[in-house]
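Notes for the one structure printed next.
For reference, positions follow the sequence shown, starting with 1. Side-chain atoms are counted along with the backbone in the values below, which use heavy atoms only and exclude waters and symmetry mates.
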Amino acid sequence: MAVSLSASKSIAYITTCSNSTTDPLPSSSSLFKSLKLPRFWPWQKVKMGPLTVSPMGFGTWAWGNQLLWGYQDSMDSELQRTFNLAVENGINLFDTADSYGTGKLNGQSEKLLGQFIREFPGDKQVKNDILIATKFAAYPWRLTPGQFVNACKSSLERMQLEQIGIGQLHWSTANYAPLQERALWDGLVAMYEKGLVRAVGVSNYGPKQLLKIHKYLDDRGVPLRSAQVQFSLLSMGSDQMEIKNICDSLGIRVIAYSPLGLGMLTGKYTPSNLPPGPRGLLFRQILPGLEPLLTSLREIARRRRKTIPQVAINWCICKGTIPIPGVKSVKQAEENLGALGWQLTSDEFLQLENAALDSPQKMIQNVFQTK
């Protein structure tokens, strides 16, 4: 049975990290007040406007991407098992994009998600609650609202869905083609008004552009429900914190992509053991400076009997975001699910943030991220 956070308002401590793992035994009169509950159980949901979503979603960038993630169609059966496991364990938010998939596999992520939803063998109501958040690329040839609406219709056709959960603008063109921006915003308005999407969101919008599009959409009667940003212990700079503060004040949910820093916060890699392809070049630059952070992640993971990725994802949840770690195997899904059902203490939370600040290297930001 799903439990909404709105039904738990009386338990104030469920929304904050506890103070310590070594609190003294409370007296009977204060037993209830001192009881420490997890921030979220796997079956609990959070509100995003009219939508009800799991406190963590899964990203599907790797589903069709050969260049960075080595996708092959032989992986499809494993991806389907991964999807089924996630849904069966309470995950109902899956993030994708119409640009996901390299070369002839463009749109493959959306196609697979649609197929997996249709073939999901579980409860019909659980199936109906699955929410797809897809992003529409601001390609140079998408110059009119109508072209953006057509992009949305193409995504619906690939997934064979009647409506998309969250339609998102993948990035802003303000940095290089400001005249294109207004047409894209009008495209979001049109797809919302036509009922093609239940809600709209943005991705890679900095604080200034976020405020601009929020006002524009609000004036048109279209609520902005989500803002995706690269957010992790490797990406917790002033822009991320300002975006988070703006979103909190305006009722916008922050969706944290790359919560594991493309894998750098998994603990699996070292300067002498790098992933293949372009990621290896990036890891070679950043990993040597992450020892303070990785050491703290290891310490907390060992003490909590968790894994390093679970600790890193739990930090994002404690920070009030909805992380969307990427998954491409049942093993990864099982591990990521272990980030739910518990919470970092305030001491652990601060230890991680201080270690992140002490680490000289930070994640490079998306080239499309605006101010």
(request) Please test Arg220 against Trp185 for side-chain contact (heavy atoms from CB on, under 4.5 Å), starting from the C-alpha separation and ending with a verdict. (result) CA-CA 10 Å; Arg220 299 289 300 274; Trp185 294 1; over 6 Å; no
(message) Between Ser238 and Met241, is the side-chain contact (heavy atoms from CB on, under 4.5 Å) condition met? List the steps.
(response) CA-CA 5 Å; Ser238 58; Met241 295 304 108; 5.8 Å; no
(request) Using the side-chain contact (heavy atoms from CB on, under 4.5 Å) rule, take Met264 and Leu282 through it: C-alpha gap first, then chi angles, then the decisive distance, then the call. (result) CA-CA 10 Å; Met264 272 183 275; Leu282 178 64; 4.2 Å; yes
(request) Just do the side-chain hydrogen bond (donor to acceptor under 3.5 Å, both in side chains) check on Thr307 and Glu335 with the steps written out, would you? (result) CA-CA 8 Å; Thr307 67; Glu335 181 167 46; 2.9 Å; yes
(request) Begin with the C-alpha distance, continue with both residues' side-chain angles, and end with the deciding distance and a verdict on side-chain contact (heavy atoms from CB on, under 4.5 Å) for Tyr100 and His170. (result) CA-CA 11 Å; Tyr100 285 177; His170 204 154; 4.0 Å; yes
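Taking the side chain as every heavy atom from C-beta outward, Ile130 and Ile132 approach each other to under 4.5 Å. In this structure, the side chains of Ser226 and Met48 come closer than 4.5 Å at one or more pairs of heavy atoms. In this structure the side chain of Ile324 never reaches within 4.5 angstrom of the side chain of Met56, judged on heavy atoms. Residues Val87 and Phe58 fail the side-chain proximity criterion, which asks for heavy atoms closer than 4.5 Å. The shortest distance between side-chain heavy atoms of Val197 and Gln163 does not fall below 4.5 Å. Two residues are said to be in side-chain contact when any heavy atoms from C-beta on lie closer than 4.5 Å; Thr96 and Trp61 fail this criterion. For the pair Asp218/Leu224, no side-chain contact is recorded, criterion being any heavy-atom separation below 4.5 Å from C-beta on. In this structure, Val254 and Ile322 have side chains that are not in contact, with every pair of non-hydrogen atoms separated by 4.5 Å or more.
The minimum heavy-atom distance between Arg118 and Lys127, with the atom names listed, is O-NZ, 2.9 Å. Nearest heavy-atom pair, Leu169 versus Ala138, reported as atom, atom and distance to 0.1 Å: CD1-CB, 4.4 Å. Between Thr82 and Ser329, the shortest heavy-atom distance links the atoms OG1-C, 3.0 Å. Shortest non-hydrogen contact noted between Arg253 and Gly320 is NH1-O, 4.3 Å. Across every non-hydrogen atom of Cys247 and Ala227, the tightest pair is SG-CB, 3.8 Å. Contact record, Pro178 with Tyr176: CD-C, 3.7 Å, taken as the closest heavy-atom pair.
With values rounded to the nearest 0.5 angstrom, Gln44 atom CD is found 11.5 Å from Ser54 atom OG. Taken from SG in Cys316 to CG in Leu265, the straight-line distance is 8.5 Å, to the nearest 0.5 Å. With rounding to the nearest 0.5 Å, the separation of CH2 in Trp171 from CG in Leu184 is 9.5 Å. Once rounded to the nearest 0.5 Å, the distance linking CD1 of Ile308 with CD1 of Ile300 reads 10.5 Å. Put simply, CD on Gln108 and CG on Asp73 are 8.0 Å apart, with the number rounded to the nearest 0.5 Å. Here the straight-line distance linking atom CD of Glu78 with atom CD of Gln72 works out to 14.5 Å at 0.5 Å rounding.
At distances below 3.5 Å, not a single donor-acceptor pair connects side-chain atoms of Gln240 with backbone N or O atoms of Val229. Although no hydrogens or angles enter the test, the distance criterion places no donor-acceptor pair under 3.5 Å between the side chain of Asp95 and the main chain of Gly59. Asn273 contributes a side-chain N or O that, together with a main-chain N or O of Lys268, makes up a donor-acceptor pair within less than 3.5 Å. No donor-acceptor distance shorter than 3.5 angstrom exists from the side chain of Gln310 to the backbone of Lys306, with no hydrogens or angles considered. Looking only at distances, no side-chain donor or acceptor of Asp358 sits under 3.5 Å from a matching main-chain atom of Pro292. Using a distance-only test at 3.5 Å, with no hydrogens or angles considered, a donor-acceptor pair links the side chain of Ser249 to the main chain of Ile246. Remark: the backbone N or O of Gln343 is paired with a side-chain donor or acceptor of Arg304 at under 3.5 angstrom. The backbone N or O of Ala137 lies less than 3.5 Å from a partner atom in the side chain of Asp98, making a donor-acceptor pair. The backbone N or O of Leu234 sits less than 3.5 Å from a side-chain atom of Ser232, completing a donor-acceptor pair.
Neither side chain, Gln115 nor Gln160, offers a donor N or O lying under 3.5 Å from an acceptor on the other. For the residue pair Thr134 and Ser155, no side-chain donor N or O sits within less than 3.5 Å of a side-chain acceptor on the partner. Side-chain contact check for Thr321 and Lys244: no donor-acceptor pair (N or O, by modelled atom type) lies under 3.5 Å. For the 3.5 Å distance criterion, the side chains of Glu181 and Ser172 qualify, holding a donor opposite an acceptor.
Aromatic pair Phe116/Trp63: ring centres closer than 6.0 Å. With ring centers used as reference points, Trp315 lies under 6.0 Å from Phe231.
For Glu162, the CD atom counts as loosely surrounded, since its 6.0 Å shell holds 12 or fewer non-hydrogen atoms of other residues, nucleotides or ligands. The local environment of CD in Glu291 is crowded, with over 12 non-hydrogen atoms from other residues, nucleotides or ligands closer than 6.0 Å.
A salt bridge links Lys319 to Glu353: at least one charged side-chain nitrogen sits closer than 4.0 Å to a carboxylate oxygen. A salt bridge links Lys215 with Asp219: the closest approach of a Lys/Arg side-chain nitrogen to an acidic carboxylate oxygen falls below 4.0 angstrom. The pair Lys331-Glu334 does not meet the salt-bridge criterion, since no charged nitrogen lies less than 4.0 angstrom from a carboxylate oxygen. Ion pairing of Glu348 with Arg303 is present here, as a side-chain N (NZ or NE/NH1/NH2) and a carboxylate O approach within less than 4.0 Å. Ion pair Lys45/Asp129 not flagged as a salt bridge, since none of the NZ, NE, NH1 or NH2 atoms sits closer than 4.0 Å to an Asp/Glu carboxylate oxygen.
Hydrophobic clustering keeps Met236 apart from Leu350 (ILVMFWY residues linked when any side-chain heavy atoms are closer than 4.5 Å, directly or through intermediates). Hydrophobic clustering of Ile, Leu, Val, Met, Phe, Trp and Tyr side chains at less than 4.5 Å, counting indirect connections, keeps Leu156 apart from Tyr139. Phe148 and Leu143 are members of different hydrophobic clusters when ILVMFWY side chains are connected at heavy-atom separations under 4.5 Å.
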